[in-house]
Every structure is written in structure tokens, then in C-alpha cells.
Amino acid sequence: MNKKYIYLDNAATTPIDPRVIDVINQHLKSDYGNASSLHSLGLRAHETLENSREKVASLINAVKEDIIFTGSGTEADNIAINGVAYKNKNRGNHLITSSIEHHAVLRPFQELEKQGFKVSFLPVDKFGLIDLEELKETITNKTILISIMFANNEIGTIEPIKEIGEIANESDIIFHTDAVQAFGKIPIDMNDLKIDMLSASAHKLYGPKGVGMLYMRNKGKKEGWGTYCRPIMFGGAHEMGYRPSTENIPNIAGFAKAAELAKEEMDSDNRKLKKLRDKIISSILENIEDTYLNGHPTKRLPNNANIGFRYIEGESILLSLDMEGIAASTGSACSSKSLEASHVLLAIGLKPEEAHGSLRLSLGRFNQESDIDYLLEILPSIVERLRKMSPLNKNMAYNVK
Ligand SMILES: Cc1ncc(COP(=O)(O)O)c(C=O)c1O
């Protein structure tokens, strides 16, 4: 691509940090040993694996023994949800999640429903927050798992994770959180939070695709993890048997480098990102009429701006921006290829036509203020042009049948 491309779709995936690429390349060339082999090359790969585990654990103040590497965030979610459900099915068959989870969480729960589990999908308020009182009321003596995402991938809302952990802990229920959007983006301290299991994915924090991790708190029980989660894949003894398969050492080392950089640079990255995010939000809301913010005004990820534009489709804005060299999104990458309105935007109370009129701009470490200035310069005329062509003009109120 010759023209400068402005990438504002960092919630879908991030570009790989060049410092991470260096680490991956180095391991691709020299660390091809199998981490289970007993010769020196194998031992070196094993050492890289364990050092990487330490670095990834350190980002969330966890111990390395509580981390397993997986092939993705989706895989971590599936191991946690299915593993806990099947391990604990003699204790109860009730599971709780929210209605705005990523499909990597929603779909396993839907499958478990088909297997006889009862799942409560908690609603959210207009900002995307679950209600803690409702969570307490939903718990029964058959509840074995609560899985609520740390931060939402579409609207950026950050859930009350500390409080949810306390509620789960009081009732002796396993608490899993899909932290794929939060890990490496906002501070997470496992000593401060009563989270039993947490999923993350390297490609959201400037690391490679195809590697993730699952944190599993040992809970101090005699037999450790095996007491509350069983494996769902079977093979070798890799990753304590929870993710049997030869470890992808270059990608895992890249993930560890990305986590190390996130730890060092999170504060400075976030100062910049919040400023840019707020500039996007305030400028669009002030300068383009009939626009509104989706998600919580303050409890939101530093890099997420999700804006609703009345009378036009987010998809048309996205395509027009793409022609001008700007990448944006209308929702999560997988649902943006479907014609269905986003389940997240519907859950916060938007009408389907409003949900179709939303645009997600997600920032990253490599964005500059000049990128945002360019976006804000061209967006008003794009919106004006699309509104002129739109059959949904202002006079046609949404409630007209
Ligand atoms: C909240 C959330 N969970 C899970 C995933 C899936 O992660 P992966 O692409 O690593 O499977 C994503 C990716 O978009 C996500 O945003």
C-alpha cells in the first residue's frame, strides 16, 4: 500500500510491534527444538517457554504456575467454560454469563445448553454494565460458573470485575473472565481480584496471532486445578494436559515480549490513547449532529470510541473511510461480516436500525494525533454525503411503522 494507511481497528487485532517481530524471528531461526525434547535444543526451548510464562504472568501479578498457553483467546475461553461445566456437573448444572459476551464465550454456553446445562444470560444497562444485584439474585445452589467479560470488544465498557469476583467467591462459584480486550490494555492485578480463570490473546496487545493464555488460580486446593476444571482436549502432557500439543515457542516468546512491553509502556500508551479517544468522541459529538456515544462515558477502554450515527449505516461510513485510507469497524470482526445487527448494541437497548448505524474506532500504540486529525477532517463530509443519499432521512422517524 503506497498511501499512508491509518489503522483504527486495533480491537479486531493489533499490528505486531517490531520489537516483538525481532524476538519471534530470533526464535524461529534458532529455537526450533521441541520443548519436550531432552537434548540441549529442547532444553533451551523449554527454558524459553518457562521464561515466557513468567513474563506473561508478571503482567497481571500472577505466578507462572497458574498460566497455560493456548492457541488463541477462543481456545482459552472454551477450555475454561467447558472444562468447569463438565468437571462440576455433579455439583450443579447452572451457569451464568452476560448477553454481551464475545462469540468465543456465547457459543460454548449455547452448546452447553444443548447438553442439558441451564445458562442465564444476564442483561446489561444502556452503558453495557451488568447489574450486581441481579447477578446475586440469579445465583442458585446449582450455579457452578460465572463468566463475565473484563471489557467489551465493541463498546469498550469495563465490567465491575472486583465486585463480581467477590460475589462469586462468597458463594464458592468459579469466576472466569474473558479479558482478551483488557489484558495488556488496562491494569489487572490478580492479587486484588478474586478471578479464578482469565483468558487473553497475544494479537490484541501487539503480539502474534494464534497464541493465547488461560490463567487458572490454584485456589490452594490439594490437587490444584484438576479440582475445578477438566481438560477438553486430550493428547500429550503439554501445559499440564490442558492444551496438549507441541508448544509454539516463537509465538509464545513473542507473546511474552508483548506482555513485557505492555507492562513497561501501558501508562504512557494510555495517557496518549485516552487523549486521542476523547478527542474523537468530543469532536464527533460536537461537530456532527445526530450522533451519540455507545458504551460507558468513563468506565471504558482507553482505546475505544464507538459512535452511533443516525440515519446512515456504519457499514457505508466504514467503506467510505477505507477509500480514504482509514480502517475502522462496525463491531467485532466476525459479526461485521454478517447482516445481523450486533447483539451487543441490541443488548444496550439500540433499535436494529440504530445498531446498524454504529462505527467503532479503536486506537493503538502506533496511532499519532495527525491520524485522528485526518479522520476528524474527512468524517463530517462523508457523513453529510451519505445522509443525503440515505433513504432513512431525518423526517422518517424510527418509530414510523
Ligand atoms: C472479547 C474477546 N474475546 C475473545 C476473542 C477471541 O480471541 P482470538 O481471536 O484470540 O480467538 C476476541 C477477539 O476478537 C475478543 O475480542
Side-chain angles (χ1 to χ4, degrees), residues 13-14 16-80 82-83 87 179-180 183-184 190 197-218 222-264:
T13 192
T14 47
I16 309 191
D17 192 298
R19 293 166 290 181
V20 172
I21 295 179
D22 286 347
V23 169
I24 294 174
N25 280 341
Q26 181 194 320
H27 287 285
L28 275 171
K29 280 185 214 145
S30 58
D31 247 356
Y32 53 85
N34 185 321
S36 303
S37 298
L38 293 180
H39 48 69
S40 336
L41 210 57
L43 296 180
R44 206 167 75 203
H46 183 76
E47 202 180 308
T48 304
L49 177 65
E50 294 311 313
N51 288 342
S52 301
R53 207 186 299 283
E54 180 90 54
K55 287 179 187 158
V56 168
S58 154
L59 178 56
I60 53 171
N61 217 353
V63 292
K64 81 178 181 64
E65 289 71 19
D66 288 356
I67 303 289
I68 60 162
F69 288 111
T70 65
S72 65
T74 301
E75 203 178 87
D77 286 337
N78 272 270
I79 297 171
N82 290 300
K87 179 74 191 180
V180 169
F183 184 84
M190 294 315 253
M197 308 176 94
L198 175 147
S199 310
S201 182
H203 76 97
K204 308 285 185 183
L205 57 144
Y206 317 99
K209 291 164 190 50
V211 57
M213 73 91 166
L214 179 62
Y215 164 91
M216 302 168 98
R217 193 186 290 276
N218 191 321
K222 266 189 271 150
E223 301 141 65
W225 302 345
T227 56
Y228 65 93
C229 182
R230 53 159 274 187
I232 60 163
M233 287 178 279
F234 301 92
H238 316 84
E239 301 303 294
M240 309 285 193
Y242 283 87
R243 209 282 178 168
S245 176
T246 306
E247 296 90 350
N248 184 340
I249 298 298
N251 269 6
I252 288 173
F255 185 11
K257 181 67 186 175
E260 199 176 44
L261 292 172
K263 193 171 177 183
E264 284 162 16

Please tell me if the side chains of Leu198 and Phe183 come closer than 4.5 Å, counting only heavy atoms from C-beta onward. yes
Student check: side-chain heavy atoms of Ile24 and Ile21 closer than 4.5 Å: no
[X]: side chain to side chain donor-acceptor pair (under 3.5 Å) partners, not counting sequence neighbours:
X	answer
Asn82	Asn78
Glu50	Arg53, Lys64
Ser199	Asp77, His176
Asp22	none

Listing request: all salt bridge (Lys or Arg N to Asp or Glu O under 4.0 Å) pairs with a residue in residues 26-46, at least two apart in sequence or in separate chains. Asp31-Arg44
[atom2] on [Y] to [atom1] on [X], rounded to 0.5 Å:
X	Y	atom1	atom2	value
Leu214	Ser201	CG	OG	12.5 Å
His238	Leu49	NE2	CG	10.0 Å
Leu43	Thr48	CG	OG1	11.0 Å
Ile16	His203	CD1	NE2	10.5 Å
Asp66	Arg217	CG	CZ	7.5 Å
Ile68	Met240	CD1	CE	9.0 Å

Residues passing the salt bridge (Lys or Arg N to Asp or Glu O under 4.0 Å) test with Lys257, sequence neighbours excluded, are Glu260
Apply salt bridge (Lys or Arg N to Asp or Glu O under 4.0 Å) to Asp17 and list each qualifying residue two or more places apart in sequence or on a separate chain. Arg19, Arg365
Taking all heavy atoms of [X] and all of [Y], pick out the closest pair and write down the distance.
X	Y	answer
Thr13	Lys204	N-NZ, 4.5 Å
Ile67	Ala57	CG1-CB, 3.7 Å
Gly33	Ala45	O-CB, 3.5 Å
Pro231	Gly241	CB-O, 3.5 Å
Cys229	Lys87	N-CG, 3.7 Å

Residues which pass side chain to side chain contact (heavy atoms under 4.5 Å, CB included) with [X], listed by chain and number, not counting sequence neighbours:
X	result
Glu75	Thr70, Ser72, Ile79, Met233, Arg243
Asn51	Glu47
Ala262	Leu59, Leu205

Considering only distance and modelled atom types, tabulate donor-acceptor pairs under 3.5 Å from the side chains of residues 246-256, sequence neighbours left out.
residue: Asn248; atom: OD1; partner: Asn251; partner atom: N; Å: 3.3
residue: Asn251; atom: ND2; partner: Lys209; partner atom: O; Å: 3.2

Given 3.5 Å as the limit, does a donor-acceptor pair link the side chain of Tyr242 with the main chain of Gly83, or not? no
Please enumerate all residues that pass ring-ring contact (aromatic ring centres under 6.0 Å, His included) together with Tyr215, with sequence neighbours excluded. none
